[in-house]
Amino acid sequence: MTVNRRQFLKLSAGATLASAFGGLGISLAPSVARAELQKLQWAKQTTSVCCYCAVGCGLIVHTAKNGEGRAVNVEGDPDHPINEGSLCPKGASIFQLGENNARSPKPLYRAPGSGEWKEVEWDWALTEIAKRVKKTRDESFQLANAAGEKVNRTEAIASFGSAAMDNEECWAYQVILRSLGLVFIEHQARI
Amino acid sequence: MTNHWNDLANSDCVLIMGSNAAENHPISFKWVLRAQDKGATLIHVDPRFTRTSAKCDIYAPIRSGADIPFLGGLIKYILENKLYFEEYVREYTNASLIVGEKFSFKDGLFSGYDADKRKYDKSQWAFELDENGVPRRDPSLKHPRCVFNLMKKHYERYTVDKVADITGTPKDLILKVYKAYAATGKPDKAGTIMYAMGWTQHSVGVQNIRAMAMVQLLLGNIGVAGGGVNALRGESNVQGSTDQGLLAHIWPGYNPTPTTKQATLDLYNTITPQSKDPMSVNWWQNRPKYVASYLKALYPDLAPADAYDIMPKLDASKPATYYFWLNIFDKMDKGDVKGCFAWGMNPACGGANANKNRRALGKLDWLVNVNIFENETSSFWKGPGMKPEEIGTEVFFLPCAVSIEKEGSVANSGRWMQWRYRGPKPWGQTKPDGDIMLEMMHKIRDLYTKEGGVHADPILKLNVKDWEEHNEFSPAKTAKLMNGYFLKDVEVGGKQFKAGQQVPSFAFLTADGSTCSGNWLHAGSFTDAGNMMARRDTSQTPEQARIGLFPNWSFSWPVNRRIIYNRASVDKTGKPWNPAKAVIEWKDGKWVGDVVDGGGDPGTKHPFIMQTHGFGALYGPGREEGPLPEHYEPLECPVSKNPFSKQLHNPVAFKIEGEKAAVCDPKFPFIGTTYRVTEHWQTGLMTRRCAWLVEAEPEIFAEVSKELAKLRGIKNGDRVKVSSLRGSLEAVAIVTERIKPYKVMGAEIHMVGLPWHYGWMVPRNGGDTANLLTPSAGDPNTGIPETKAFMVDIRKVGGK
Ligand code: SF4
Ligand code: SF4
């Protein structure tokens with residue numbers, strides 16, 4: 001039986017699958033290359049959506065099943081109704097965005113007046129941030145404005161971001177900010 | 001977008017103006033070209049000839065900042081040649097509504113202007129109401145004060161000659177565009193507009209878009225397949241982040257942020273839009289249900305009114321722009337802001353007037369930057385001209401996971417909320433943003449529990465448990481909360497529901513606190529039937545397949561409706577204007593096709609359900625600078641006179657006191673504009689470290705015409721310095737035919753174009769952001785800066 005690539009993806013939906021390094025997602029020849037089949041054993045396949053512009057192109061991400069579990073390939077999803085497998089140069093290079101040595105593996109801290117970063121632990125960084133938030137908030141909090149109207153807010157903390165987060169994160173983030181009394185809540189949509 | 005990407009293929013005429021879709025939204029062009037293959041005319045109106053222009057049937061150059069004259073002239077052309085869709089205009093738009101006697105327009109100013117406050121009294125623009133509170137109408141469109149005639153009068157001044165004179169567009173091309181686009185006024189033809197920041201980033205940004213929305217209404221192009229008003233949104237989830245209310249003026253789902261005028265929830269609910277017209281659906285009348293359900297999602301143990309009470313409020317006495325980006329950075333620069341989160345953002349490059357923003361960051365006590373890579377914001381203290389030893393800001397850089405390393409949904413420009421899954425696990429010790437914020441919030445709560453603090457209730461009573469599972473942020477649980485569920489056993493709309501059941505749609509939300517829903521627009525996206533956003537089913541009925549509706553793929557807000565205002569695509573009997581591309585149709589006593597807007601039998605409802613009176617707004621009395629778009633020059637401009645009135649600039653534009661503007665300033669004689677290239681994205685934070693992309697676009701360039709190059713003695717490839725009142729930068733000159741001088745009111749006007757993706761950090765010698773040059777002034781409605789038209793100079797480096 002010859003299986004074309006698209007049927008093949010469907011047959012193995014949710015299962016493991018890998019393909020040639022084909023960022024731009026140009027559809028392959030009707031029959032699946034033998035090399036491709038071999039790669040399947042070593043990678044899991046997940047679907048995603050491009051993180052750049054709002055066309056929302058579908059992706060297939062292949063992640064190595066052994067070792068570090070890193071992405072080994074990202075390509076256009078041929079079943080996706082918008083991009084039908086294609087990607088523009090940005091979408092096609094998402095692999096390089098993730099598997100990138102310029103990413104700091106740990107939080108960094110820069111002390112006042114310092115000329116350099118110091119690598120720090122998550123727990124320390126978040127504990128210190130929480131202290132700063134509380135101090136600034138408590139010192140600046142206005143229960144009422146100059147006219148005596150109830151306002152429950154701080155104008156001493158501002159937040160910028162982010163359209164780069166998922167909906168669920170954006171939603172939780174604005175809840176956190178509003179519960180802290182922030183009113184300076186802005187992001188990419190304002191520029 | 002009122003419509004969606006696939007729908008572009010249904011268009012008979014695609015106008016691309018204020019965007020460069022082929023380069024900046026490349027895959028959208030798959031659908032634009034499919035329309036062209038089927039015979040559609042493609043038009044690009046842009047200051048610069050781009051790859052978009054190359055594919056279009058008509059390209060018309062335009063001076064940046066002159067869009068309203070171009071569109072005003074189109075409105076005049078449509079009206080005078082009677083090319084509008086008469087029945088649609090009469091029945092579905094506010095053309096027939098009578099405007100009150102207080103409205104007037106004289107020499108560039110509408111009635112109600114207070115010159116001292118630079119503000120309008122908008123009540124003077126209101127519609128006339130009858131004794132029942134319903135707007136008076138004249139369907140014959142004869143009344144001198146009906147919108148149709150006011151509009152006609154307003155745009156009488158926009159003659160083709162005047163338009164050509166101020167836009168710099170050759171007259172024959174203007175007429176060619178008008179003719180091609182106005183042809184979509186036929187009932188069975190559809191024209192669409194694709195715009196982006198080329199329209200929003202102006203001091204008249206909102207009115208640019210309103211002018212086009214008016215064109216679309218006149219031609220009957222809204223609600224139909226291949227039509228609509230389509231903003232090409234730039235970030236993968238900027239639609240979603242806006243939907244979630246990550247903005248000062250809105251809560252999730254576009255509910256206004258409370259102000260001091262609304263001290264209680266009852267008072268807040270009194271501003272709910274009201275209509276006395278039984279045919280008006282006035283969807284916003286449901287707002288109290290959405291707001292109560294939002295408050296219950298945050299504080300399930302409090303009554304909605306008590307939850308409302310503890311929430312922050314804005315000062316009603318201040319303009320909304322006080323709370324917006326440009327003003328916040330100004331306050332930061334003055335030392336008023338102490339702490340700042342730059343979460344998934346790089347404002348040191350992304351914000352207009354970047355030098356000022358970088359200086360302002362140095363006045364903070366602390367800055368938290370969450371990002372994939374170290375960037376110009378996190379590391380502003382070691383940027384050009386900075387002395388780290390003098391900068392007291394503490395900075396925390398928190399590295400986050402990239403999208404393929406986590407799970408969750410993103411809303412594309414067409415409102416499709418698509419679910420993505422985790423592939424690789426997060427790099428090193430990086431974490432998804434959701435985990436970072438959850439852990440941070442737990443630490444803050446612990447501190448308040450231990451130490452107490454000011455107004456601690458909203459922090460301690462917050463419903464955090466619905467976002468987490470096994471001490472981790474749970475996108476699925478959060479999505480369920482955003483959809484909403486019943487908090488008690490209750491009957492709504494004749495149906496019984498049990499506590500804990502997911503809300504099937506926002507029609508079942510209540511104002512009494514028995515439902516929660518984090519964002520009413522998400523209701524229906526994660527029901528008891530499962531995660532609708534994760535659907536990957538491409539099956540369609542034959543009607544749906546004809547227009548590529550894909551209703552079973554992901555979930556589209558609202559209620560999985562794919563084309564907004566689709567009720568305007570049929571006549572009052574439910575018959576589609578264009579049966580070959582029907583969006584909805586009344587067949588055998590029911591609606592088929594898309595999810596119909598408003599419900600009920602055909603002819604029983606006005607189709608523009610989000611408008612209080614139910615009519616498409618040709619006349620828009622809610623905007624800051626007037627109900628009808630009028631041409632004003634950019635705040636920095638090369639002309640000293642506005643041919644349409646004595647008002648050179650938008651009289652109510654957002655400005656910061658003390659910041660100067662270059663108007664006909666011989667030191668800055670050329671228009672500067674900013675744009676993007678295909679291989680980079682926004683500030684470049686997510687592309688400037690990808691080797692393939694950097695290889696393609698390694699450094700900032702300045703694009704100029706051959707004529708300007710000659711004038712300044714610049715050759716292709718020379719290093720040049722571009723400067724404005726606010727800063728300067730070096731770039732490589734590209735001397736090109738893609739830009740030509742514009743003939744504006746007898747003078748030759750030049751433009752310098754710059755991509756804004758770069759930053760001093762990487763790539764080496766890549767240059768810095770074009771936002772060093774842009775002004776922190778702009779639109780009075782949105783507060784968006786005017787980064788598409790400002791004034792610069794350009795000189796060869798080492799030259800004179
Ligand atoms: S078009 Fe591109 S992908 Fe195809 S052979 Fe040429 S370089 Fe390779
Ligand atoms: S692949 Fe390109 S066109 Fe598609 S979403 Fe990503 S950036 Fe946009």
Side-chain angles (χ1 to χ4, degrees), chain A residues 46 48-49 51-52 54-57 61 63 70-71 81-83 88-89 93 96 98 102-108 110 112-113 115 126 130 132 134 136 138 141 149 151-153 156-172 174 176 179 181 183-184 186-187 189-190, chain B residues 5 26-27 233 235-236 238 240-242 244 246 260 312-313 325 328 337-345 347 366 388-389 392 395 397-399 402-404 408-409 412-413 418 420-421 423-424 427-429 433-434 440-441 443-444 447 453-454 458 462 467 475 478 550 679 681 689-690 692:
Chain A
T46 47
S48 189
V49 174
C51 57
Y52 292 107
V55 173
C57 296
V61 179
T63 306
R70 302 310 311 163
I82 297 172
N83 60 313
C88 83
S93 56
Q96 286 192 333
R103 292 178 70 183
S104 175
K106 286 176 76 171
L108 304 173
R110 184 260 176 188
L126 293 173
R132 305 293 181 286
K134 180 166 194 299
T136 306
D138 286 359
F141 206 82
E149 297 160 318
V151 292
N152 299 333
R153 68 180 184 220
I157 308 178
S159 169
F160 301 94
S162 178
M165 297 196 291
D166 292 347
N167 281 317
E168 297 72 28
E169 294 168 332
C170 288
W171 188 85
Q174 60 81 34
I176 290 172
S179 77
V183 284
F184 291 152
E186 291 282 273
H187 81 283
R190 194 73 76 194
Chain B
W5 297 113
I27 302 301
R233 306 214 61 178
E235 308 239 355
S236 57
V238 73
S241 55
T242 310
Q244 308 325 325
L246 265 176
T260 46
K313 317 235 158 25
W325 177 295
I328 300 173
V337 178
K338 306 289 179 201
C340 177
F341 293 102
W343 199 304
M345 276 208 86
W366 53 268
E389 62 281 6
V395 188
F397 174 76
L398 307 179
V402 300
S403 56
I404 58 171
S409 74
N412 78 1
S413 207
Q418 305 188 89
R420 43 189 190 194
Y421 298 91
W427 174 269
Q429 290 182 23
D433 296 274
M440 180 185 83
M441 193 55 185
K443 298 249 182 225
I444 294 171
L447 276 182
V454 190
L462 190 67
W467 326 337
T478 309
F550 294 106
E679 294 81 1
W681 190 68
R689 281 185 169 94
C690 297
W692 295 338

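Naming convention: chains lettered A, B, ... in sequence-line order (proteins, then strands); numbering from 1 in each chain. All figures in this text were calculated on a predicted structure; none of them were measured in a lab. Side chains are part of it too, since the values below use all heavy atoms of this structure and drop only hydrogens, waters and symmetry mates.
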Given heavy-atom pairs under 4.5 angstrom as the criterion, report whether the side chain, backbone, both or neither of [X] touches chain A.
| X | answer |
| --- | --- |
| B:F550 | side chain |
| B:W427 | both |
| B:L246 | both |

**Item:** Verdict with reasoning, B:I404 to A:T46, per side-chain contact (heavy atoms from CB on, under 4.5 Å)
**Value:** CA-CA 9 Å; B:I404 58 171; A:T46 47; over 6 Å; no

**Item:** chain B interface, residue from A:G56, A:C51, A:G98 that has the most non-hydrogen pairs under 4.5 Å
**Value:** A:C51

**Asked** Rounded to the nearest 0.5 Å, how far does NE2 of A:H187 lie from OG1 of B:T242?
**Response** 4.0 Å

**Prompt:** Once you round to the nearest 0.5 Å, how far does CD of A:E149 lie from NZ of B:K313?
**Reply:** 11.0 Å

**Asked** Between A:S93, A:P89, A:C88, which is the residue that forms a side-chain contact (heavy atoms from CB on, under 4.5 Å) with B:E679?
**Response** A:P89

**Message:** side-chain contact (heavy atoms from CB on, under 4.5 Å), that's the test. Do A:R110 and B:F397 meet it? Break it down for me.
**Reply:** CA-CA 8 Å; A:R110 184 260 176 188; B:F397 174 76; over 6 Å; no

**Item:** Region of A:F141 that comes under 4.5 Å of a non-hydrogen atom in chain B
**Value:** side chain

**Prompt:** Using non-hydrogen atoms only, which part of A:S48 is less than 4.5 Å away from chain B: side chain, backbone, both, or neither?
**Reply:** both

**Listed partners of A:S159 passing side chain to side chain contact (heavy atoms under 4.5 Å, CB included), at least two apart** = A:Y173, A:L177, A:L182, B:F341

Taking all heavy atoms of [X] and all of [Y], pick out the closest pair and write down the distance.
| X | Y | result |
| --- | --- | --- |
| A:I176 | B:M440 | CG2-CE, 4.4 Å |
| B:C690 | A:Q96 | C-OE1, 3.4 Å |
| A:N167 | B:S241 | OD1-N, 4.4 Å |
| A:E168 | B:P475 | CG-O, 3.3 Å |

**Request:** Check the side chains of A:T136 and B:W366 for a donor-acceptor pair under 3.5 angstrom, ignoring hydrogens and angles.
**Result:** yes

**Asked** When you look at A:V61 and B:R420, which way does the side-chain contact (heavy atoms from CB on, under 4.5 Å) test go after all the steps?
**Response** CA-CA 10 Å; A:V61 179; B:R420 43 189 190 194; over 6 Å; no

**Asked** Residues two or more places apart in sequence or in another chain: which of them pass ring-ring contact (aromatic ring centres under 6.0 Å, His included) with A:Y52?
**Response** B:W681

**Request:** Any chance you could lay out the side-chain contact (heavy atoms from CB on, under 4.5 Å) test for A:I82 and B:N412, step after step, and finish with the verdict?
**Result:** CA-CA 11 Å; A:I82 297 172; B:N412 78 1; 3.3 Å; yes

